[in-house]
Number of protein chains: 2
Amino acid sequence: MARMPAAERRVALARAALAVADRDGVHAATTRAIVAEAGMPLSSFHYAVPSRDELLRDVVALVVEGESDAALAELLAGADDVPTVLRRTLGAYLEHVRTAPGREQAMFELTQYALRTAELADLPAAQYARYHATAEALLTAAEQHLGIRWSAPVSDLARLVVTITDGVTLGWLADRDDAAADRTLDLATAALAPFAHPAPAPVPVPSAPRTTPLEEA
Amino acid sequence: MARMPAAERRVALARAALAVADRDGVHAATTRAIVAEAGMPLSSFHYAVPSRDELLRDVVALVVEGESDAALAELLAGADDVPTVLRRTLGAYLEHVRTAPGREQAMFELTQYALRTAELADLPAAQYARYHATAEALLTAAEQHLGIRWSAPVSDLARLVVTITDGVTLGWLADRDDAAADRTLDLATAALAPFAHPAPAPVPVPSAPRTTPLEEA
DNA sequence: GGGTGTCTGGGACACTTGTCCAACTTCGCG
DNA sequence: CGCGAAGTTGGACAAGTGTCCCAGACACCC
């Protein structure tokens with residue numbers, strides 16, 4: 001085995017663990033399966049990581065990290081009306097689940113496992129806080145780009161959005177009914193869109209007039 | 001051990017398995033833990049049940065069975081306006097989750113486990129079909145009792161409702177934020193209520209006029 | 001009452017699991 | 001060059017897993 005600092009080996013193990021959990025489920029991500037995936041001898045595991053549970057913590061961080069970026073670009077494209085953008089964003093999420101179902105299922109499994117494991121009991125709350133924050137950022141960005149204001153607290157709406165994406169994912173994983181999932185998103189869009197109100201007259205800061213409000217970051 | 005026909009012993013084992021899965025998670029529901037819970041010797045297990053996976057199938061059936069009744073009564077009580085009934089029903093579900101979180105989590109774990117297990121791969125679809133059917137029956141009953149008509153296909157709405165309850169459950173299990181879950185249900189209620197339209201003039205069957213349409217079953 | 005089929009239950013099997021050790025090699029610095 | 005720190009590794013451990021066998025006990029019907 002090539003020589004490798006422990007820290008580096010640890011992230012390689014986290015990536016391997018994610019690959020195994022994606023393919024075969026979290027319960028199959030044993031220390032032996034993980035090192036096999038990473039092409040390491042078993043003894044490397046506990047040299048790089050104190051315990052399997054610690055590694056799983058890394059895996060969650062690994063996924064939650066890269067999650068926020070992908071969806072944001074979708075919003076900025078074709079800045080149409082609210083329902084269209086909403087539907088397109090939800091659709092993009094579902095598409096992501098469809099192309100990597102194991103990954104998303106692994107995240108559910110990880111959450112459930114963490115909830116049952118004393119040393120990881122704090123993980124799910126942090127994980128979902130990140131989900132909620134991501135959704136909130138998305139909704140706030142939508143206000144800007146669509147020139148609207150949400151008629152309910154954005155943090156509450158964000159939680160509802162995560163609720164819906166989670167629910168749709170779970171349902172689709174269970175029966176793989178693409179058409180039904182799409183119809184659910186249609187309905188969810190129709191249910192969510194009315195919370196968007198046209199923005200009040202773009203508040204001009206009296207002391208600092210702008211030529212065009214479109215130039216605001 | 002008292003003598004007991006194998007069939008009877010099997011349901012006792014299913015109940016014990018549910019108790020263990022509720023308390024300690026599905027992964028802790030080993031054959032030994034289950035028979036200990038049931039107060040049986042280990043060898044009784046495979047006399048009554050061919051395999052552990054078969055037993056888990058029973059457990060799902062056990063829960064899905066008793067699920068439909070509880071919520072229905074809620075609807076019939078105080079037949080108020082749509083948002084109130086909607087909110088009350090969703091609230092009753094959340095309350096159920098709150099009082100038995102392990103149970104609901106066990107169902108999620110069971111679904112995830114089944115999805116990863118070839119012999120149980122058919123379970124999740126059937127399980128969710130039941131959920132959807134239950135929600136659909138509820139929504140249809142609501143049409144009658146509230147004198148409304150849903151402006152979207154009831155089966156689609158039912159899937160959205162299950163999506164939301166699943167999502168709320170998952171989120172609450174993760175962070176146990178009661179207030180946030182309640183706010184999510186408030187918002188979901190506001191989002192769902194507009195799908196209810198006043199029923200069209202109560203269709204009188206021309207050949208069989210009724211004195212009062214309220215007496216219809 | 002005898003015998004057949006149902007039920008009991010102790011014990012074992014083959015295997016997998018997370019974790020650790022102790023010996024070995026390699027690196028980098030003085 | 002020498003030496004301590006860092007990295008590598010085969011092998012083992014104790015515990016736990018699902019499943020099965022087999023000898024015995026009991027119930028019920030002819």
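Here the structure is a predicted model, which is why all the values come from computation and not from measurement. Every chain is numbered from 1 and lettered A, B, ... according to where its sequence line falls, protein lines coming before strand lines.
Note on A:S44: a base of the nucleic acid sits closer than 4.0 angstrom, heavy atoms only. If you check every strand for non-hydrogen atoms under 4.0 Å, A:A33 touches nothing.
For A:D53 and C:dT17, the CG to P distance is 15 Å, given to the nearest whole Å. Rounding to whole angstrom units, CZ of residue B:R52 and C1' of D:dT19 are separated by 13 Å. Whole-Å rounding puts the A:I34 CD1 to C:dT16 C1' distance at 15 Å. The distance between atom CE of B:M4 and atom P of D:dA27, rounded to the nearest whole Å, is 15 Å. Atom CD in B:E119 sits about 10 Å away from atom P in D:dT19, given to the nearest Å. B:M40 has its CE atom 13 Å from the C1' atom of C:dG9, to the nearest Å. Rounded to a whole Å, the CG atom of B:L42 is 10 Å from the P atom of C:dG10. Atom CZ of A:F45 and atom P of C:dT17 are 12 Å apart (whole Å).
At least one side-chain nitrogen or oxygen of B:T31 sits closer than 4.0 Å to the OP1 or OP2 atom of D:dG18. Here A:H46 reaches the OP1 or OP2 of C:dT19: one of its side-chain N or O atoms lies under 4.0 Å away. Dashed line: the shortest gap from a side-chain N or O of B:Y47 to OP1 or OP2 of C:dC7 is under 4.0 Å.
When each of A:A28 and A:S43 is assigned the nucleotide of DNA chain C bearing its nearest heavy atom, the one mapping closer to the 5' terminus is A:A28. Between B:S51 and B:R3, the residue whose closest nucleotide on DNA chain D is further toward the 5' end is B:S51.
The nearest pair of heavy atoms linking A:A19 to A:E37 is CB-OE2, 3.7 Å. For the residue pair B:T84 and B:D80, the shortest heavy atom distance occurs at CG2-OD2, 3.9 Å. For the pair B:R10 and B:A48, the tightest heavy-atom approach, listed with the atom from each and the gap, is CD-O, 3.7 Å. The minimum heavy-atom distance linking A:W150 with A:L192 is given by the pair CZ3-O, 4.3 Å.
Between B:Y128 and B:Y131, the two ring planes are perpendicular [angle over 60°; tilted spans 30° to 60°].
Taking the charged nitrogens against the carboxylate oxygens, A:D24 and B:R116 have no contact shorter than 4.0 Å, which rules out a salt bridge.
Within residues 9-27 of chain A, the residues having any heavy atom under 4.0 Å from DNA chain D are, by residue number, A:R9.
Note: A:R23 CZ to A:L18 CG = 10.5 Å, rounded to the nearest 0.5 Å.
The base of D:dG18 sits with one of its N or O atoms less than 3.5 Å from a complementary donor or acceptor on the side chain of B:R32.
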